[in-house]
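Report on the structure given below.
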Number of protein chains: 2
Amino acid sequence: MKTPKDIPEACANCGIRNRGVCAHLYAEELSKLDSLSRRRRYRPGETIVMEGSRGVVGNVIDGTLVERKTMADGREQIVSLLFSADFLGTPLSNQADATVDAVSDVMLCTFDRDQFEAAAADLPGLSAAVHEQARAELALAREWMLLLGQKRAIERIATFLLRLVNRRLNVTCLHNFDDLMDDAQTLMIPISRRQIADFLGLTTETVSRKFGELRDLGVIDIADARHITVHSLPRLRAAAGFVDELA
Amino acid sequence: MKTPKDIPEACANCGIRNRGVCAHLYAEELSKLDSLSRRRRYRPGETIVMEGSRGVVGNVIDGTLVERKTMADGREQIVSLLFSADFLGTPLSNQADATVDAVSDVMLCTFDRDQFEAAAADLPGLSAAVHEQARAELALAREWMLLLGQKRAIERIATFLLRLVNRRLNVTCLHNFDDLMDDAQTLMIPISRRQIADFLGLTTETVSRKFGELRDLGVIDIADARHITVHSLPRLRAAAGFVDELA
DNA sequence: CGTTGAGTTGAGACATTTCAACGAGCGTGG
DNA sequence: CCACGCTCGTTGAAATGTCTCAACTCAACG
């Protein structure tokens with residue numbers, strides 16, 4: 001987290017200038033990168049990158065995106081959710097391994113791929129930050145492999161909610177996890193039931209039913225399809241399979 | 001692929017000196033790295049890294065390893081297979097996201113973590129190679145998310161076999177994929193039925209049954225549990241769900 | 001006000017798991 | 001040498017969790 005004076009105006013006013021890869025750059029580095037950047041807006045449902053194409057490189061300034069892989073017969077698996085401050089795209093690789101869609105209105109801060117790679121070669125902090133993102137993505141992907149390969153439907157739903165909780169805690173960043181163990185959390189679900197199903201390897205019907213079961217168990221409240229209140233994080237963690245139920 | 005003269009003796013005799021991260025290093029870089037390296041042998045079943053620990057950094061010279069994640073109640077998911085020339089461990093991260101076990105006799109070329117990271121900071125080719133490995137791992141993990149979330153049991157088995165075929169083609173590296181589409185391939189299965197099950201999110205019984213089904217379909221022959229002959233790659237690809245069956 | 005899409009709920013179907021038995025290989029010790 | 005115990009892999013029959021198919025509600029919208 002650098003706090004210089006002469007940062008570019010676009011960056012000074014940017015909601016994520018102290019988050020994501022930009023947080024690791026000095027003023028002059030930020031200027032250099034800013035001169036290469038171009039903002040672009042996308043509409044909900046718009047496809048930003050096609051699997052197999054060269055794809056876009058840039059920061060997510062605002063909005064929600066999904067990365068998904070598709071089978072020949074149309075089955076889909078969402079492999080990643082992207083939010084504000086996440087980095088989109090794989091510099092170094094010339095082939096996107098998933099299709100990227102905007103779920104909400106999305107604002108990106110994009111770069112020309114070659115220019116970005118040249119800049120990254122000059123700015124150790126930038127390339128380190130990008131690679132750190134890739135490493136974090138890998139850890140998340142493996143966490144999800146455990147979910148998809150081993151967890152039952154209700155555990156998958158609980159794990160998904162837990163991930164949203166953790167994300168919110170990381171963003172607000174004011175407390176640590178244990179302090180909030182007993183606080184009620186009201187969550188905005190950023191994606192549809194269909195997208196949740198494709199993310200968790202389930203069907204929309206099962207997603208709906210398991211949300212209901214978690215409600216009946218008293219773990220959550222469902223205000224509407226997009227708004228969930230978590231009553232007890234420990235019980236949500238138990239439902240997610242993170243603690244052995246010695247029942 | 002550099003071909004210098006004054007490479008360290010250990011590297012000159014190393015089976016993977018022209019593969020993995022070492023392939024991208026000049027003689028003097030190789031020397032520098034070699035001076036930091038230490039060979040270590042592991043026995044089948046031995047645990048090399050525990051999930052959550054700092055872990056080992058190094059090259060796999062020879063042998064087969066699995067990376068796995070475990071749930072509180074003992075359920076396991078294998079998230080990666082490592083073979084000769086693969087890179088083990090996550091420099092930059094101080095927490096291994098999975099447990100690593102030797103499946104066969106394993107020889108590693110390990111490095112002190114801090115020294116390796118310092119070396120990587122000096123050698124752009126090295127850090128690029130390590131990051132490229134991480135990127136490739138991410139692509140594989142996402143491929144597996146699609147498998148675990150969407151594919152049925154027989155497709156998972158077929159995909160697994162296809163991955164072994166592809167690996168063999170990459171290693172032998174003499175032909176391209178299409179040239180071998182119709183060739184019979186005899187594969188050595190490097191892991192047990194239980195490990196296959198944990199890799200594919202199935203049970204050993206289902207793995208056994210689906211191998212039998214692929215045999216009955218005439219796609220493969222089963223010499224014994226560890227040796228499979230692939231009769232038709234196109235049909236294996238179809239069984240794996242990579243082509244839409246317009247039946 | 002009819003249409004459309006998203007979400008929920010129910011009943012039955014189905015794929016995979018679970019439970020159980022069995023055979024082959026293999027080292028150990030009598 | 002054979003009996004024994006053990007693990008690994010295979011096979012069968014029953015149980016079960018999730019999917020499929022279908023109906024219905026609700027809100028948004030032209």
Side-chain angles (χ1 to χ4, degrees), chain A residues 44-45 64 66 71 73-78 101 103-104 147-161 188-217 220-228 239 241, chain B residues 43-45 64 66 71 73-77 101 103-104 147-161 188-217 220-228 239 241:
Chain A
T64 303
V66 301
M71 289 179 62
D73 64 2
R75 279 174 281 175
E76 285 196 4
Q77 177 66 39
I78 291 177
D101 290 335
V103 166
S104 65
L147 176 144
L148 294 169
Q150 303 298 334
K151 292 193 178 181
R152 350 225 262 89
I154 197 164
E155 295 173 323
R156 299 188 194 194
I157 298 290
T159 306
F160 170 67
L161 292 176
M188 206 285 268
I189 312 291
I191 57 178
S192 70
R193 291 294 189 268
R194 167 113 291 278
Q195 289 161 336
I196 296 173
D198 285 341
F199 195 29
L200 302 182
L202 302 170
T203 58
T204 58
E205 295 95 325
T206 300
V207 171
S208 187
R209 278 187 258 267
K210 298 306 171 180
F211 267 117
E213 281 185 31
L214 282 177
R215 172 181 23 76
D216 298 343
L217 287 168
I220 61 172
D221 252 8
I222 305 176
D224 62 73
R226 295 291 189 143
H227 297 274
I228 302 278
Chain B
R43 288 291 177 196
T64 303
V66 301
M71 289 180 61
D73 63 3
R75 277 174 282 175
E76 285 196 3
Q77 178 66 41
D101 291 335
V103 166
S104 64
L147 177 146
L148 294 169
Q150 304 298 335
K151 293 193 179 181
R152 26 178 77 272
I154 196 165
E155 295 172 324
R156 299 188 195 194
I157 299 289
T159 306
F160 170 68
L161 291 177
M188 206 285 268
I189 311 291
I191 57 179
S192 70
R193 291 293 189 268
R194 166 114 291 278
Q195 289 161 336
I196 296 172
D198 286 341
F199 193 30
L200 302 181
L202 301 170
T203 58
T204 59
E205 295 93 328
T206 301
V207 171
S208 188
R209 278 187 260 267
K210 298 305 171 181
F211 265 117
E213 282 186 31
L214 282 177
R215 172 181 23 78
D216 297 344
L217 286 169
I220 61 172
D221 253 8
I222 305 177
D224 61 74
R226 296 290 189 142
H227 296 274
I228 303 277

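The chains referred to below are lettered A, B, ... by the order of the sequence lines, with proteins before strands, and numbering in each begins at 1.
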Please report the distance, rounded to the nearest Å, between [atom1] in [X] and [atom2] in [N].
X        : N      : atom1 : atom2 : answer
B:Leu200 : C:dA15 : CG    : P     : 19 Å
A:Arg156 : D:dT18 : CZ    : C1'   : 10 Å
B:Asp198 : D:dC8  : CG    : P     : 12 Å
B:Glu213 : D:dG12 : CD    : P     : 12 Å
B:Ile222 : D:dT11 : CD1   : C1'   : 13 Å
A:Asp224 : C:dT8  : CG    : C1'   : 14 Å
A:Arg152 : D:dT18 : CZ    : P     : 6 Å
A:Leu148 : C:dT16 : CG    : P     : 16 Å

Original post:
For D:dC19, does OP1 or OP2 lie under 4.0 Å from any side-chain N or O of A:Thr206?
Top reply: yes

Original post:
OP1 or OP2 of C:dA15 less than 4.0 angstrom from a side-chain nitrogen or oxygen of B:Lys210, does that happen here?
Top reply: no

Subject >> Candidates A:Lys210, A:Arg215, A:Arg209 - the one meeting side-chain hydrogen bond (donor to acceptor under 3.5 Å, both in side chains) with A:Glu213 >> reply: A:Lys210

Of all the choices, [options], which nucleotide is nearest to the side chain of [X] once you look at every atom?
X        : options                : answer
A:Thr203 : D:dC19, D:dG9, D:dT10  : D:dC19
A:Arg209 : C:dG10, D:dT10, C:dA15 : C:dG10
A:Glu205 : D:dC21, C:dT16, C:dG7  : D:dC21
B:Arg193 : C:dT17, C:dT9, D:dG9   : D:dG9
B:Leu202 : D:dC19, C:dT17, C:dG7  : C:dT17

Under 3.5 Å, side chain of [X] to main-chain N/O of [Y], donor-acceptor pair present?
X        : Y        : result
A:Asp224 : A:Arg226 : yes
A:Thr64  : A:Ser104 : no
A:Gln77  : A:Asp198 : yes
A:Gln150 : B:Gly201 : no

